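The structure under discussion appears below in the form of structure tokens.
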Amino acid sequence: MDGSQHPVDKSPIVSDKVDTTTCYMCACRCGIKVHLLDGKIRYIEGNPDHPVNKGVLCAKGSAGIMQHYSPARLSKPLRRIGERGSGEFKEIEWGEALDIATSWLASVRATDPKRLAFFTGRDQSQALTSWWAQQFGTPNYAAHGGFCSVNMATGGIYTFGSAFWEFSEPDWDNTKYFLMFGVAEDHDSNPIKMGLGKLKGRGAKYVSVNPVQTGYTAIADEWLGITPGTDGLFVMSLMHELLRAGKVDVDYLIRYTNAPYLVIENPGAADHGLFVRDEDGNELCWDRVRNMAVPFKDKTLKPEMKGTFELPDGKKARPVFELLAERYLDSQYNPDVVAYQTGIEADTIRRIAAELAEVAFEQEITIDQPWTDWRGEKHDKMIGRPVAMHAMRGISAHSNGFHTCRAIHLLQILLGSIDCPGGLRYKAPYPKGFNSLPKPTGQPGDINPNTPLPGPHLGFVQGPEDLLLDDNGDPMRIDKAFSWDAPMASHGMMHSVIPNAWKGDPYNIELLFMYMANMAWNSSMNTADTIDMLTDKDEETGEYKIPRIIYSDAFYSETVPYADLILPDTTYLERWDCMSTLDRPISDAEGVADAIRHPVVEPDRDVRPFQDVLIDLGSRLGLPGLIKEGGRKRYPGGYKDYIVNHERAPGIGSLAGFRGKDGIEKGKGEPNPNQLDEYIKNGCFWYDKIPEEASYFRHANKAYLEYAAGMGFIKDASPIIFNLYSEPQQKFKLAGQGHGDHVPPDEHKERIEKHFDPLPIWYEPFDQAVVDADEFPLHALTQRPAAMYHSWGSQNAWLRQIHGTNRLYIPASLAKRHDIQDEDWVYLSSRNGRIKVRAAVMTGVNSKTVWTWNAIGKRSGAWNLDEDSKEFTEGFLLNHLIDDSLPENQHGYKYSNSDPVTGQAAWFDVRVKIEKAPPEEQTTDAISEPHFDTLKPPPTLPDRPGVMGYVVKKGGAS
Ligand code: SF4
């Protein structure tokens with residue numbers, strides 16, 4: 001048929017205005033173009049010029065329109081008038097809401113600022129929220145990293161000054177072998193899809209290590225369906241094979257790592273396992289030519305990599321590399337030994353190790369680009385080992401995740417594949433050495449009434465002396481981050497805040513202030529207990545044990561009914577925002593980038609951007625950074641004003657682009673009043689290409705280090721030496737053994753001694769170890785669907801059509817044993833609870849594992865969904881099965897269910913058993929359990945639409 005007979009307009013004009021801004025439908029922060037017609041949003045597309053997504057838009061991103069027009073949006077400040085959880089609120093004006101919030105905050109600040117716990121969820125303005133909390137003076141601030149992926153961030157920073165995801169990316173154009181561990185689709189969504197597309201197009205091999213074969217794993221060339229929590233064993237076994245075969249990049253280790261450093265051998269003494277240093281503190285290595293210890297930084301060093309050497313004081317010392325080889329050549333890491341536990345056959349482990357070595361050493365890549373290293377040595381080429389890796393929550397959310405993450409980085413480093421052509425590449429402003437990273441603030445002298453904290457809350461401890469402890473050795477923070485419970489909790493422990501505040505352990509708080517964190521539902525372990533804690537009252541006083549709760553959210557989420565004061569937020573299309581290099585960067589490997597959001601539509605409700613509200617509250621409270629002399633507001637224009645004019649250090653502000661009076665400076669420069677206009681003209685982002693000679697080996701590349709120091713990313717141009725061996729870990733181990741001035745109380749000693757180790761270790765995840773594996777033989781996991789981002793996405797009218805409900809996916813072999821068919825109702829039980837859910841049978845899953853999609857199950861009445869919604873009747877959460885604490889130990893103490901090093905929430909450690917529900921329960925009207933009372937909607941939500949549709953015509957959208 002001639003197409004001209006039925007002409008199709010393939011590109012109809014749908015808008016009268018197009019604005020660029022930044023997506024917030026997941027954490028990737030892609031650039032978008034928002035089409036508007038008569039001031040209403042008509043259509044969203046990817047911005048082809050944007051460095052993050054280069055025009056690619058996912059289902060979530062395009063469905064932003066339905067997020068914006070969601071019937072679940074809050075529309076006015078609310079004050080609770082009934083009991084918590086009743087949903088009984090009265091509407092109040094902003095003036096009253098801000099007066100109430102100010103009076104509650106002011107009384108806490110004037111008496112004991114630590115009685116404020118300020119925690120945010122998937123907040124993309126942490127550079128502001130953390131600074132605000134610092135100005136307030138409470139030590140109790142963090143965002144959601146502690147319950148998400150702090151093991152990845154901390155394991156990476158302590159090893160090579162960077163980490164996966166926002167801090168690095170595979171060299172997608174050059175990698176020949178890509179090994180990915182435990183990644184679901186909502187983290188680094190579009191960039192990974194684009195990268196995998198490149199890999200597949202070039203025929204590079206992609207191996208996915210993941211208990212479940214969904215999402216990205218479905219397109220892998222090889223799937224290794226590993227048993228949850230055993231990735232560390234698998235990686236250590238790969239190292240065993242590489243070391244056994246001598247397939248490690250010794251030259252790389254000598255140049256860039258602490259492999260040659262001498263480690264004191266003095267068992268039982270306080271200096272055992274520490275580095276040998278000269279009187280100036282320089283780490284020493286054994287020079288094989290001079291036959292003496294010389295500083296690592298000595299340009300003529302020819303280090304020994306093995307042997308035992310006697311020091312002038314008579315002590316013995318050995319190089320790190322020998323200790324490392326000794327550790328991983330041990331027979332416990334032999335593939336034959338780890339095969340059963342990991343669920344990966346020994347021959348497969350041997351083959352993967354051989355493939356990694358073959359690609360790294362036989363297929364090296366050479367780029368004709370001269371460069372100079374930090375010692376001044378000139379190189380005429382950049383030589384790369386084209387093996388890249390990536391890992392995320394599947395590794396992170398276990399109580400052994402910190403060491404597993406470090407092990408993955410050690411594997412990369414042994415292969416010489418970090419920041420080389422074809423390897424893992426940094427994203428600016430990373431890498432950073434410890435001299436450019438803060439230590440946590442919040443020691444007893446740091447917290448005083450009406451006084452800011454002297455430094456940032458979160459940071460990287462270097463030894464027990466940096467912990468935040470009171471004079472009795474008890475935690476200074478309500479979440480117990482940076483205490484003996486979790487010494488390296490560098491993102492805080494948001495998942496511990498409500499349980500600890502409820503118990504009054506380590507102390508009572510007065511006010512819980514939260515933003516965008518659905519803690520009464522999918523963001524908490526032990527959901528029902530968390531709800532009880534939020535509503536529990538002191539028997540004597542009749543007051544709530546957590547006396548006051550302020551919450552800001554854009555939507556009627558499950559947490560709203562449990563707050564006392566609600567500050568309704570806007571959607572991401574109605575506000576200013578800033579994706580800052582001071583926060584979580586959006587740079588790529590080629591260049592440094594940051595971005596903004598700006599209001600593309602005005603709110604049609606009585607809501608305010610949370611960031612503006614925070615700045616307003618700060619001014620009302622008289623926080624020093626937010627007022628000028630005479631008490632005048634420092635940022636009368638709100639967050640927009642702050643983004644432009646706030647300086648963290650002289651010349652360094654929220655945005656690195658278009659700085660200086662004329663807007664031509666980058667990185668550092670005085671505030672530019674036209675900066676935001678420049679960003680908008682430029683598509684709402686700024687990008688600076690890093691010079692070619694600084695492209696790779698940035699941890700040691702003189703040109704890059706000088707560039708980064710000039711931009712203010714790092715303190716100076718000194719190199720970042722990779723810590724194969726972590727001395728801070730050894731300092732904690734020594735403290736656990738009773739050495740030093742800062743020693744844990746007896747009840748913590750064994751745990752510290754056992755779980756801190758300068759070289760990565762593997763131990764069985766805690767919640768797996770405390771149950772009888774015969775009684776609870778299965779692992780239970782959640783995965784993130786590509787089409788949704790937490791509970792936000794699963795209330796979205798378009799995205800609900802992709803995943804309207806969830807099932808418990810179970811391996812076919814297990815289904816057969818229990819006579820379970822698709823759609824059967826089953827009971828799943830853990831040591832903490834029992835849920836009733838619908839099953840679906842599949843083959844692409846580890847035979848000891850069941851799983852479901854995360855955060856689709858919802859509480860009836862929330863999100864303004866219809867009362868018969870499948871999310872309420874069939875949807876479910878695994879969270880009910882997961883305890884927020886471990887069982888009481890022999891000292892009568894319950895640790896958080898977290899990694900003992902970082903405090904990372906151990907979501908994926910839970911073990912379960914499955915039973916088919918009896919025949920009388922296999923009915924069409926059965927519903928998932930537990931089922932909670934229906935939440936009452938607040939007065940301001942619109943009537944629930946029977947069918948959610950979207951129609952745009954000239955004259956307006958509806
Ligand atoms: S990947 Fe995330 S940020 Fe990018 S378009 Fe999709 S939802 Fe938006």
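Positions are given from 1, in the same order as the sequence printed here. Computed from a predicted model, the values in this text were never measured in an experiment. Counting starts at 1 for both ligands and their atoms, following the listed order.
For an aromatic pair to be called close, the ring centres must be under 6.0 Å apart, and Phe685 with Tyr679 fails this. Aromatic ring centroids of Trp132 and Tyr141 lie 6.0 Å or more apart. Centroid-to-centroid, the aromatic rings of His495 and Trp907 stay 6.0 Å apart or farther. The aromatic ring centroids of His646 and Tyr639 lie 6.0 Å or more from each other.
Remark: Met516 engages Tyr24, Arg122, Trp792 in a side-chain contact (heavy atoms from CB on, under 4.5 Å) (not counting sequence neighbours).
Listed by chain and residue number, the protein contacts of ligand 1 are Cys23, Met25, Cys26, Cys28, Arg29, Cys30, Leu57, Cys58, Lys60, Gly61, Ser189, Asn190 (heavy atom within 4.0 angstrom).
There is no side-chain donor-acceptor pair under 3.5 Å between Thr21 and His598.
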